[in-house]
Amino acid sequence: QVQLVESGGGLVQAGGSLRLSCAASGRTFSGYVMGWFRQAPGKEREFVAAISWSGGTTYYADSVKGRFTISGDNAKNTVYLQMNRLKPEDTAVYYCAAKIGSMYYRYSNRYNYWGQGTQVTVSS
């Protein structure tokens, strides 16, 4: 049974930092890309960042580039999203996802597995 479990969300003031974790289990993820998406109330789910599980190549949405860093720990089967200089517009439910290969990594409907999400709220 493949599972992706997010953690690390919470309430933080603007300018602060949070680190999200996604613990993956149930299979090996070599050849996969691990992605982070977010969905704010009234908005569509949007791509945030992704990382190639095996190669470590990273991808970022323009809105978070320079503030967020995605990384992975293969030994722990965990991917992280370090979020710095948070803004109120970063408030959303953040989801971890996994897909085969790196093509179409920005498209949520191309991902095979999803976590349940973790809430991030940034106060002003």
Side-chain angles (χ1 to χ4, degrees):
Q1 186 85 5
V2 173
Q3 282 191 302
L4 303 177
V5 181
E6 304 96 332
S7 62
L11 175 65
V12 65
Q13 289 184 277
S17 299
L18 284 174
R19 189 177 76 158
L20 306 184
S21 298
C22 173
S25 63
R27 67 162 298 142
T28 58
F29 290 89
S30 59
Y32 277 68
V33 63
M34 309 297 293
W36 286 98
F37 291 78
R38 67 187 183 187
Q39 188 165 21
K43 295 185 177 181
E44 296 293 315
R45 187 168 298 186
E46 66 172 341
F47 169 78
V48 176
I51 184 170
S52 170
W53 189 262
S54 298
T57 305
T58 58
Y59 314 89
Y60 296 95
D62 289 342
S63 59
V64 306
K65 193 173 296 182
R67 297 189 298 121
F68 292 9
T69 302
I70 188 170
S71 62
D73 186 333
N74 292 151
K76 295 182 178 180
N77 241 30
T78 301
V79 63
Y80 305 96
L81 185 68
Q82 178 67 46
M83 305 185 293
N84 298 324
R85 304 195 304 280
L86 283 161
K87 305 174 181 179
E89 50 262 47
D90 294 318
T91 295
V93 176
Y94 283 70
Y95 297 91
C96 178
K99 71 180 294 292
I100 301 173
S102 60
M103 292 187 68
Y104 310 112
Y105 63 87
R106 292 180 178 269
Y107 295 85
S108 61
N109 61 2
R110 295 288 184 147
Y111 281 72
N112 304 96
Y113 306 106
W114 290 86
Q116 292 296 110
T118 185
Q119 177 70 48
V120 172
T121 303
V122 184
S123 64
S124 59

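Values reported hereafter were calculated over all heavy atoms of this structure, with side chains retained and with hydrogens, waters and symmetry mates removed.
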Heavy-atom closest pair (G31 atom, S54 atom, distance to 0.1 Å) is N-OG, 3.3 Å

Heavy-atom check, side chain of Q3 versus side chain of Y113, under 4.5 Å
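Answer no - side chains too far apart.
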
Does the pair C96 and V79 meet the rule for a side-chain contact (heavy atoms from CB on, under 4.5 Å), with working shown?
CA-CA 9 Å; C96 178; V79 63; 3.9 Å; yes

Quick check: does any side chain N or O of K43 sit under 3.5 Å from a backbone N or O of R45, one acting as donor and the other as acceptor?
no

Atom CG of N74 and atom OG of S30: how far apart are they, to the nearest 0.5 Å?
9.5 Å

Hey, are the side chains of T57 and I51 touching, using non-hydrogen atoms and a 4.5 Å cut-off?
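They are not in side-chain contact.
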
Would you please indicate yes or no on a ring centroid separation below 6.0 angstrom for W114 and F37?
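Close enough - the centres of the two rings lie under 6.0 Å apart.
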
Single-linkage hydrophobic cluster M83~V122, side-chain heavy atoms < 4.5 angstrom:
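Yes, it is one cluster - the side chains of M83 and V122 are joined through contacts under 4.5 Å.
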
Pair V12-T121, side-chain contact (heavy atoms from CB on, under 4.5 Å): steps then yes or no
CA-CA 6 Å; V12 65; T121 303; over 6 Å; no

Short question: side chain of D73, backbone of T78 - any donor-acceptor pair under 3.5 Å?
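Judged by distance alone, no pair lies under 3.5 Å.
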
Can you confirm whether M34 sits close enough to L4 that some side-chain heavy atom of one is under 4.5 Å from a side-chain heavy atom of the other?
yes

Is there a donor-acceptor contact under 3.5 Å linking the side chains of R67 and Y60?
no

Does a donor on one side chain sit under 3.5 Å from an acceptor on the other, for N84 and S17?
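S17 and N84 do have a side-chain donor-acceptor pair below 3.5 Å.
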
Decide yes or no for S108 and F47: does some side-chain heavy atom of the first lie under 4.5 Å from some side-chain heavy atom of the second?
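When only atoms from C-beta onward are counted, F47 and S108 do not touch, as no gap falls below 4.5 Å.
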
Less than 4.5 Å apart, any side-chain heavy atom of L20 and any of T118?
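In short, these two side chains touch, coming nearer than 4.5 Å.
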
Membership question, hydrophobic clusters at under 4.5 Å side-chain separation (ILVMFWY): are W53 and V2 in the same one?
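The answer is yes; both residues are in one hydrophobic cluster.
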
Could you measure the distance from the CZ atom of R110 to the OG atom of S102? Nearest 0.5 Å is fine.
12.5 Å

For I100, does its backbone N or O pair with a side-chain atom of N112 as donor and acceptor, under 3.5 Å?
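Pair found, side chain donor or acceptor close to backbone of I100.
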
Close side-chain approach of R38 and Y95, heavy atoms under 4.5 Å
no

Should K65 and D62 count as an ion pair when the cut-off is N to O under 4.0 Å?
yes

Under a single-linkage definition using a 4.5 Å side-chain heavy-atom cutoff for Ile, Leu, Val, Met, Phe, Trp and Tyr, are Y105 and Y32 assigned to the same hydrophobic cluster?
no

Taking atom CD of Q116 as the centre, report whether more than 12 heavy atoms of other residues, nucleotides or ligands fall under 6.0 Å from it.
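12 or below, so no.
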
For A49 and L81, which heavy atoms make the closest approach, and how far apart are they?
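What the structure gives for the nearest pair is CB-CD1, 4.1 Å.
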
Do Y111 and V48 land in one hydrophobic cluster if side-chain heavy atoms of ILVMFWY residues count as linked below 4.5 Å?
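Result: no, two separate clusters.
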
What is the distance from atom OH of Y80 to atom OG of S7, rounded to the nearest 0.5 Å?
9.0 Å

Is any side-chain heavy atom of R27 less than 4.5 Å from a side-chain heavy atom of F29?
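When only atoms from C-beta onward are counted, F29 and R27 do touch, with a gap below 4.5 Å.
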
Main-chain N/O of M103 paired with K99 side-chain donor or acceptor, under 3.5 Å:
yes

Should I70 and Y94 be regarded as members of a common hydrophobic cluster, given that ILVMFWY residues are connected when their side-chain heavy atoms come within less than 4.5 Å of each other, either directly or indirectly?
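They do share one cluster, since a chain of ILVMFWY contacts under 4.5 Å joins I70 to Y94.
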
Kindly indicate whether the side chain of L86, heavy atoms from C-beta on, has any atom under 4.5 Å from the side chain of F68.
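SC-SC contact between L86 and F68 confirmed.
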
